[in-house]
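This report refers to the structure that appears directly beneath it.
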Amino acid sequence: MTRLNPKYIPLLATALVLLAVFSTGSLLYPNFGTPRVIVNLLNDSAFVGVAAVGESFVILSGGIDLSVGSMVAFVGILVAKLLQVGWDPFLAMGIALCVGTAAGVVMGGLIHYFELPPFLVTLAGLFCLRGLGFVIYPESIGIDHPFYGQVLPQLSILVAPKAVLPFTAMCFLGSVIVGTFVASFTRFGRNVYAIGSNENSARLMGLPIGRTKITAYALAAFFSALGGIVATFYMQSGNPASFAGLELDAIAAVVIGGTLLTGGVGFIPGTLMGVLILGLIQQIIIFNGTLNSWWTKIVIGALLLVFIVLQKLISGGGDQES
Amino acid sequence: MANGLGCVRARNQHLQPQNMKIAPSYRTIVALLAFPTLCTLTQLLALAADTAQKKLVVGFSQVGAESGWRTANTESIKSEAQKRGIDLRFSDAQQKQENQIKAIRSFIAQGVDVIAFSPVVETGFEPVLQEAKKAGIPVVLSDRAVKVSDPSLYVTFLGSDFVEEGRRAANAVAKLTGGKANIAELVGTVGSAPAIDRKKGFEEVLSKYPDMKIIMSQSGDFTRAKGKEVMEAFLKAPNAKEINVLFAHNDDMALGAIQAMEEAGIKPGQDIKIVSIDGVRGAFEAMKDGKLNVTVECNPLLGPQLFDLIEKVANKEEVPKRVVSQEGVYDQAQAAAELPKRQY
Amino acid sequence: MIDWVSDLLFWIVFGSILFLLRGQRIFWSVGALGLLLLFNQFFTPGFFHIQILDGHLYGSRIDVLNQGAKVMLLSLGMVLVIATGGVDLSVGAVMAIAAAVSSRLLVTEHQSAGAAIAAALVISTLAGAWNGVLVAGFGIQPIVATLVLMVAGRGVAQLITEGQIINFLDPTMVYLGNGHLFALPFTLTLVLVTLGLAFFLVRRTALGLFIESVGDNDEASRYSGINAKQVKFLVYTFSGFCAGLAGLVACSNIKSADANNIGLYLELDAILAVVVGGTSLQGGRFYLIGAVVGGLFIQTLTTTLYARNVSSDISPVPKALAIIAVCLFQSESFRTRLSHVVRPFGRILKPLGSRPPQKSITATHDSPKP
Amino acid sequence: MANSLLEIAGLTKGFPGVKALDAVDFAIQRGEIHALMGENGAGKSTLIKVLTGVFPRDAGETRLEDKIIAPRSPREAEGLGISTVYQEVNLIPHLSVAENICLGRQPTWLGAIRWRAIAKRAAAALARLDLSLDVNRQLSSYSIAIQQLIAIARALDISAKLLILDEPTSSLDRTEVEELFKKLRKLRESGLGIIFITHFLDQVYEISDLITVLRNGRRVGCFATQELPRIKLVSHMIGKAVHQVEALEQKRASTASIRSEAPMLEAHGLGRKGSLRPLDLDIRPGEVVGLAGLLGSGRTETAKLLFGVDRPDQGTVRINRQAVRFNSPRAAIRYGIALTPEDRKVAGIIPNLTVRENIVLALQASRGSWQRLSVTEQAKLADRFIQALAIKTPSREQTVRNLSGGNQQKVLLGRWLATEPKLFILDEPTRGIDVGAKAEVEKLIQSLRQDGLAVLFISSELEEVVRQSQRVVVLRDRRKVVELTEGEISEETIMQSIATHNLERPAA
């Protein structure tokens with residue numbers, strides 16, 4: 001692909017916004033444009049980012065997954081609880097990933113086989129997983145397993161003076177790479193695009209609709225579960241009450257990353273940028289120190305609006321859902 | 001019909017070849033760039049007004065704005081910082097731990113002199129506090145504690161003793177009822193430190209009184225709306241008549257519950273004695289009207305005490321590991337006198 | 001004794017309503033509500049107890065009516081939005097804005113209650129209109145368009161209250177959510193009046209036909225001369241108005257405006273109520289009364305969970321199961337599968353089902369004329 | 001039939017209330033183009049969909065090269081060598097040409113897609129059809145005709161033995177069709193079996209070797225194309241005796257003298273960039289003006305401009321000598337214009353509303369939402385048109401979705417007649433409806449004309465245009481070529497005016 005394809009314009013716009021936001025921050029505040037802040041950004045956004053990679057697949061397939069935040073919290077408390085009762089951390093994580101993915105399969109199955117709206121099914125998933133988290137343990141559990149206390153801190157790379165790339169950030173970047181590969185270099189990934197673009201055509205082209213859809217939800221659940229594990233790395237605890245509303249951040253990041261909410265168009269690296277933009281806005285507001293936190297919401301809302309209108313302009317105003 | 005599957009999105013296929021024009025998108029990109037630029041400009045103006053001089057820089061991460069108590073606490077901290085000429089970087093975590101961790105990490109990156117925060121939950125701050133320690137920034141806890149394996153991760157903790165508050169509430173109940181009580185309990189947000197500790201302290205004392213027992217207990221999330229809704233449900237239970245005491249983990253829930261009682265034709269403060277914690281202005285008003293019996297103070301006006309500590313910490317002075325804020329227990333008799341002093 | 005009689009009376013009335021509704025779409029919603037009530041009749045002691053207190057009725061069922069008013073109001077706006085094939089995610093945030101505006105005017109600016117209420121309603125209606133402009137004017141997908149206000153709206157509300165929880169005691173404001181009229185909560189009157197207004201809007205005028213037409217086939221409606229943009233704009237505006245009312249009720253209920261918590265996640269309850277009420281998320285046919293019944297169902301579920309002392313953390317789970325159950329029963333492919341598995345059961349389900357029975361063979365079949 | 005490529009025996013498929021296929025037999029050999037003919041609802045599409053596994057079958061047996069097959073999905077059918085290309089290009093507009101050709105069967109290496117191999121393979125597949133395109137461009141940047149060919153390239157990319165073309169020519173212009181046929185003949189020579197479904201009789205006779213006719217889900221028979229006279233074919237399709245068909249065809253529009261009345265509508269230099277070059281058009285009351293031309297010649301575009309669906313960027317429109325300007329159908333309706341659109345499903349019916357609601361819709365819309373028609377008025381109106389148009393429906397409260405295509409079209413006509421229009425634009429009113437309904441629609445048009453309505457009649461079937469119109473405007477390449485008046489109108493003259501100049505291919 002040599003020429004500038006119009007489909008890259010949203011991605012380009014996202015990159016420009018990312019650059020603009022970052023330079024704004026660097027211009028305004030000392031210490032903002034340092035490697036440390038960048039590393040922090042990756043670290044702080046890791047679990048949202050991992051979950052957003054999964055969310056991207058569902059949105060690309062033309063659906064939506066609202067259960068992301070609950071899944072992250074659920075997996076967090078599950079892992080913390082299992083570790084508390086003395087499980088091996090890898091076994092606990094493995095189980096958590098399996099349980100999470102299974103939940104995704106169930107949701108995808110309901111959506112596909114019974115033709116239920118994704119919005120409602122994953123909303124039910126949101127409620128269920130949140131409740132289940134509280135069933136496991138209603139309070140925050142700290143993790144003091146040696147793996148978390150001693151091994152994890154060593155799994156980091158010094159990328160610049162005073163800037164250590166932690167393992168969580170590596171998980172995030174790894175997820176983006178894996179996600180990009182799956183989206184662009186596997187048949188499943190291409191099928192997701194096809195279904196999101198035009199499900200009926202995809203069916204008549206002989207693509208496996210059911211399998212692809214269910215896999216997309218399973219993959220989203222897998223990434224959310226992974227996000228939950230990353231969150232336990234990040235906070236060294238699990239809390240069933242946490243991460244409420246994370247799904248909105250994830251969806252916002254995906255949209256700001258240039259993915260069309262109707263499906264079929266978008267890139268995983270865009271999601272990475274979208275997540276970073278959200279994180280940067282929050283950072284600027286924290287750096288400012290006098291702006292109230294609600295400005296975060298207002299700015300994200302405004303940014304969403306801008307991107308939605310941009311996408312609308314690029315898709316030419318046609319192509320409306322009937 | 002036979003062509004049931006076709007046609008659904010037929011329009012898409014009939015779209016004319018798309019124009020490959022990029023012109024409109026340039027316009028949007030310009031529009032996109034205008035936004036941050038505008039932000040930049042306004043910020044620069046704000047900065048210019050703020051003549052930078054060497055001040056003590058403190059980063060404070062607040063839980064959120066979930067209750068009247070919390071907003072009073074925030075106000076106290078902000079105004080005190082302004083009074084002392086301290087450069088306060090205030091961040092509101094919106095009750096999300098992840099936001100709080102982000103904020104603390106950001107404070108480290110900003111290179112503030114002291115970090116203070118009221119943790120949303122007790123666990124999970126170890127890694128970020130270790131970072132602060134490595135960066136040589138002292139940490140002061142306010143209002144709520146954290147659980148860490150290494151106590152050197154924070155310098156000092158200023159705040160109420162929630163367990164003690166629970167104990168005081170239970171003692172107040174005992175005093176009100178002479179040790180005979182069927183208690184309905186409005187629990188705070190599940191999993192939060194005040195809810196856990198207040199319940200713990202309350203039950204600790206309760207175990208000494210065989211005739212005092214909790215017959216109903218349900219979370220009201222520290223909010224008035226939930227407090228009211230849950231109380232309504234309590235009052236419809238078949239054993240509702242047995243309730244003679246309400247213990248609410250904070251005043252907001254108690255105020256909600258009072259409304260529910262009044263609607264049920266029950267006289268709050270008489271038919272059902274009410275004991276709650278916090279001591280916000282609304283509670284004192286309710287006490288003055290005889291609708292609330294006792295509030296155990298949990299002082300939100302931590303600003304002055306907090307900055308005393310912070311300044312000491314910044315000057316590398318020795319401070320105690322635990323500072324309990326000064327607070328009392330108020331009943332109806334004291335309410336009228338105390339009310340004018342309550343500005344929140 | 002009295003209880004026993006009134007319960008029996010209640011069930012007779014309820015049963016006859018159900019009987020009258022057989023074969024209609026909202027049969028399912030009312031039936032689900034009935035099942036839930038039946039469960040409470042036997043397993044939740046005190047739930048059916050009703051008495052007269054201070055000249056008004058008092059009991060769990062009355063609480064359901066009062067507390068459920070918010071969701072019912074929201075669902076009245078939401079059902080029309082969903083009927084046009086859209087969805088309004090911003091209602092919770094708009095509630096917060098309305099509450100913030102009214103209490104700010106009332107307390108900080110010392111305005112009269114009337115002015116505060118009017119301003120809140122105007123601003124929330126404008127918020128709805130904003131959604132309407134995005135959806136109808138710019139043609140943005142509804143989920144996305146309303147997501148903007150959902151994210152930003154609560155921030156705006158906090159901006160208005162400056163992050164404070166504003167308490168008020170103004171009797172007019174307090175009456176909205178706490179007063180009684182004809183021995184019943186005033187909120188019920190409010191719901192009924194709004195229902196009446198909505199009913200008038202959509203059934204006494206041709207708006208209802210236009211809404212269903214737009215929701216069913218946007219393009220064809222335009223070709224028929226319907227101003228689809230106007231219709232869409234109107235329903236989002238109305239939804240904003242309803243959200244404003246719900247916000248006023250919510251803050252009046254607790255005599256304070258808490259921008260952080262008012263209406264939090266209530267948009268989900270409202271959507272749920274609409275779906276339980278028999279309106280498909282795809283748009284088209286809508287059921288106003290169904291939406292109100294759906295709102296009642298949700299609130300009955302919530303109150304039941306409180307009454308049964310189910311921890312509020314776990315209470316989302318039954319709600320989730322209810323959503324799935326309701327959706328499954330509305331899903332044609334599920335009913336077909338089910339009727340294959342349980343033939344006799346399927347035979348009962350089919351005639352009761354929401355779809356009109358296939359009436360004729362020739363109607364679905366192209367046959368040349370003899 | 002010993003050496004059959006595909007053999008179907010006793011295939012049966014029912015839908016609730018309808019037996020779509022009733023014990024149908026069918027067979028096709030290698031190197032054969034076999035046309036499948038039938039009116040709408042005859043079961044052609046169902047046959048294809050059962051064959052390719054979109055629908056499960058109720059009974060019957062399919063043998064491909066003497067092996068029994070029962071594919072459960074189009075994918076499985078493709079795996080067996082049965083590929084299908086549908087009327088609407090069922091490809092993914094957002095993806096590249098190369099990807100569209102290889103989607104679902106991309107060459108991979110260790111699970112990773114080899115993008116270069118895809119481009120090469122796609123180019124090869126296109127080369128088989130003598131096409132050379134930039135395979136990395138988005139599909140949507142090519143014309144529908146090219147997309148159709150890409151779809152065929154995709155179908156051939158796997159080792160297809162049987163190619164099914166379901167109305168592949170309905171969106172193509174004449175040269176494009178010829179191009180396509182050239183390629184099909186080449187494929188036939190290579191030993192491929194091709195099932196060809198179309199409504200165009202000419203094309204069937206041009207390309208097919210055998211014709212199987214279906215009617216009402218049953219097989220009428222299989223005939224060698226050369227030995228089957230057209231008139232016979234039509235009679236098989238519609239199940240009427242030959243002389244009846246001839247009577248229908250010979251019925252000519254009565255030559256009522258065009259009154260010297262003032263034109264109801266006059267358009268001068270009406271045009272829109274990229275859609276229609278400026279044209280003049282006038283229609284008088286009591287006159288049917290036919291709009292003839294190939295698909296894509298600007299017929300529908302003209303209708304859309306006159307009805308305010310698209311906004312003209314030049315020219316004027318006068319109605320009853322008054323200059324008017326409208327930019328929405330609503331405005332056009334206010335001036336007494338009505339339009340039944342070309343695509344009934346997309347722009348016509350409201351599927352889940354009742355017959356009554358569909359009929360009153362336009363009238364109600366023109367009255368606005370406040371002046372609601374009462375329930376009794378609505379019922380009266382609906383009953384009137386159900387009766388007048390002989391709409392076959394169990395009741396006026398039946399949802400329109402459950403009606404047949406012809407009856408849906410009548411509901412649409414009723415919807416517009418209720419508004420008592422002065423100018424009725426009919427865009428392909430007879431497309432996809434059965435012959436009986438067709439005749440009724442034609443009768444209706446004539447009676448409307450006699451009632452003094454101005455009618456603009458658009459159809460791809462020239463004979464229909466000839467029969468109906470007092471004047472015919474011929475369009476080509478989005479431009480008015482000629483206006484034929486009474487006496488000049490015949491299929492030959494229209495064809496001639498379309499074909500006078502060499503058609504340049506529209507630029508892709």
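Just so we're on the same page: letters track the sequence lines, and every chain starts at 1.
For C:Arg285 (side chain) and C:Glu212 (main-chain N/O), no donor-acceptor pair under 3.5 Å exists by modelled atom type. Side-chain atoms of C:Arg222 do not come within 3.5 Å of backbone N or O of C:Asn217 as any donor-acceptor pair. Counting only distance, with no hydrogens or angles, the side chain of A:Glu247 and the backbone of A:Gly69 share a donor-acceptor pair below 3.5 Å. The closest donor-acceptor contact from the side chain of A:Ser197 to the backbone of A:Tyr193 lies at 3.5 Å or more, if one exists at all. No side-chain donor-acceptor contact under 3.5 Å links A:Thr122 to the backbone of A:Asp65.
For the 3.5 Å distance criterion, the side chains of C:Ser90 and C:Asn131 qualify, holding a donor opposite an acceptor.
With a 4.5 Å cut-off on non-hydrogen atoms, A:Ala252 does not touch chain C at all. In this structure, chain A has heavy atoms under 4.5 Å from both the backbone and the side chain of C:Leu328. In this structure, chain C has heavy atoms under 4.5 Å from both the backbone and the side chain of A:Leu261. In this structure, chain C has a heavy atom under 4.5 Å from the backbone of A:Leu132, while its side chain stays farther away. With a threshold of 4.5 angstrom between heavy atoms, C:Leu149 does not approach chain A through any atom at all. For a residue to count as touching a neighbouring chain, one of its non-hydrogen atoms must lie under 4.5 Å from one of that chain's; by this rule A:Phe119 touches chain C with the side chain only.
Options A:Leu116, A:Val121, A:Leu304 differ in how many heavy-atom pairs under 4.5 Å they form with chain C, and the most are formed by A:Leu116.
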